[in-house]
Amino acid sequence: MTGSENTGYAYSDPAFLENAYYLLTYQSDKAKEIVPFFDKFITSLGSVTMVLKPDEHDLAVAAISHLPHVISASLVNLVKHNNKDDLLKTIAAGGFKDITRISSSSPVMWENICLSNKDAILRMITEYQEILESFKTAIEKGDGELIKSKFQSAKDFRDSLPVRKSGIIPADFVFYSDLRDEPGQIANVATILASSGISIKNIGIIHNREFEEGVLQVELYSESDYEAALELLKGHGYVLHKRS
């Protein structure tokens, strides 16, 4: 369970496989015999194997991968439909872009996925509709406690998810640093990281409502570089913020 919203060999990266779950299924005793071989090979690539029955696999990926893509596409199309004079496109902030980033994936690939895992996806859509309808009813009734409990339940479960693992939204090794009111701060951060052999994937200043002022956003290539960079920059007095 890994990858990105981009398509094609040019966007491949061996780091995608690091700690990613690789799901194996089999439908015959003959296929079962070669599971240990694949398990050994996949583990050597840095991934974690998990053996599931075919129906378990289909339902699991429908819930945590396929349905989110359907929801993301639906939300983007909703905003597109209501995007009068490009207003919504203009003010779309980080939260909207984060939860809809997977909509940049290949439409052809997701057409095929939806058709090949049709039954499990339809089951998840039905359950999601029921949950969304429950949310709608709570809002219609003005039931603040129920609304809060739904958000709290989601927050508690979301906060319990393992961090820095690959998944339907691959791990982005991104952190943010408050900028000192001094010239050359981007160059200074880059120099500190480079001196310890840490390569930067992307770096730049961002402005959004999550931070009161502009901050420096730094993206790295691996978890080890990410953790090392945090300790290194903290040691130089930088105030850092992690992406949750």
Side-chain angles (χ1 to χ4, degrees), residues 1-73 101-128 154 156-174 197-199 201 219-230 242-244:
M1 303 301 298
T2 186
S4 76
E5 75 277 16
N6 297 310
T7 303
Y9 179 79
Y11 296 102
S12 61
D13 189 331
F16 285 156
L17 297 175
E18 183 180 345
N19 294 321
Y21 282 104
Y22 201 112
L23 308 182
L24 295 173
T25 67
Y26 59 89
Q27 292 181 295
S28 68
D29 291 337
K30 187 66 176 177
K32 183 179 179 180
E33 293 176 2
I34 61 174
V35 167
F37 167 78
F38 280 107
D39 177 51
K40 184 177 180 180
F41 172 68
I42 293 164
T43 301
S44 73
L45 301 177
S47 296
V48 180
T49 57
M50 182 180 293
V51 181
L52 300 175
K53 295 178 181 178
D55 58 337
E56 290 178 327
H57 165 273
D58 292 350
L59 199 62
V61 296
I64 54 91
S65 178
H66 304 168
L67 178 62
H69 277 82
V70 171
I71 294 171
S72 175
R101 178 167 60 85
I102 54 177
S103 287
S104 293
S105 301
S106 166
V108 174
M109 180 182 73
W110 282 100
E111 173 195 0
N112 294 327
I113 288 174
C114 285
L115 295 178
S116 65
N117 199 25
K118 174 182 175 181
D119 293 341
I121 293 174
L122 287 176
R123 174 177 167 180
M124 288 296 102
I125 288 177
T126 297
E127 291 192 29
Y128 180 71
D156 291 344
F157 187 77
R158 174 62 176 81
D159 290 348
S160 73
L161 296 179
V163 296
R164 306 261 65 86
K165 295 256 187 174
S166 297
I168 57 168
I169 301 178
D172 289 325
F173 303 108
V174 176
I198 298 174
S199 298
K201 184 176 183 180
E219 182 178 7
L220 304 176
Y221 284 96
S222 69
E223 181 177 4
S224 58
D225 281 353
Y226 175 85
E227 298 297 342
L230 292 180
K242 296 182 180 181
R243 167 177 281 182
S244 60

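All values derive from a computational prediction rather than experimental measurement.
Annotation for Phe173 and Tyr226: closest pair C-CD1, 3.6 Å, computed over non-hydrogen atoms. For the residue pair Leu220 and Ser199, the shortest heavy atom distance occurs at CD2-O, 3.5 Å. Contact record, Pro68 with Ala62: CD-O, 4.0 Å, taken as the closest heavy-atom pair. Nearest heavy atoms, His57 versus Thr25: CB-CG2, 3.5 Å.
Side chains of Tyr26 and Val51 form a contact here, defined as non-hydrogen atoms less than 4.5 Å apart.
With values rounded to the nearest 0.5 angstrom, Phe37 atom CZ is found 9.5 Å from Ile42 atom CD1. Taking CG of Leu24 as the reference point, atom OG1 of Thr49 lies at 6.0 Å (rounded to 0.5 Å). Between the CG atom in Asp58 and the CZ atom in Arg123 there is a gap of 11.5 Å [rounded to 0.5 Å]. Going from atom CD1 of Ile125 over to atom SG of Cys114 covers 7.0 Å, rounded to the nearest 0.5 Å. Interatomic distance, Ile102 CD1 to Ser65 OG, rounded to the nearest 0.5 Å: 7.5 Å. Atom CD in Glu227 sits 10.5 Å away from atom CG in Asp225 (nearest 0.5 Å).
Qualifying side-chain hydrogen bond (donor to acceptor under 3.5 Å, both in side chains) partners for Ser47, counting only residues two or more places apart in sequence or in other chains: none. Taking Asp55 as the reference, nothing meets the side-chain hydrogen bond (donor to acceptor under 3.5 Å, both in side chains) condition, with sequence neighbours excluded.
In this pair, His66 and Trp110 present their aromatic rings perpendicular. The plane angle is above 60°, beyond the 30 to 60° band.
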(request) Show the numbers, then the answer: is there a side-chain contact (heavy atoms from CB on, under 4.5 Å) between Met124 and Leu59? (result) CA-CA 8 Å; Met124 288 296 102; Leu59 199 62; 3.8 Å; yes
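Atom CG of Asp156 sits in a crowded spot, with more than 12 heavy atoms from other residues, nucleotides or ligands closer than 6.0 Å.
Counting only distance, with no hydrogens or angles, the side chain of Ser160 and the backbone of Phe157 share a donor-acceptor pair below 3.5 Å.
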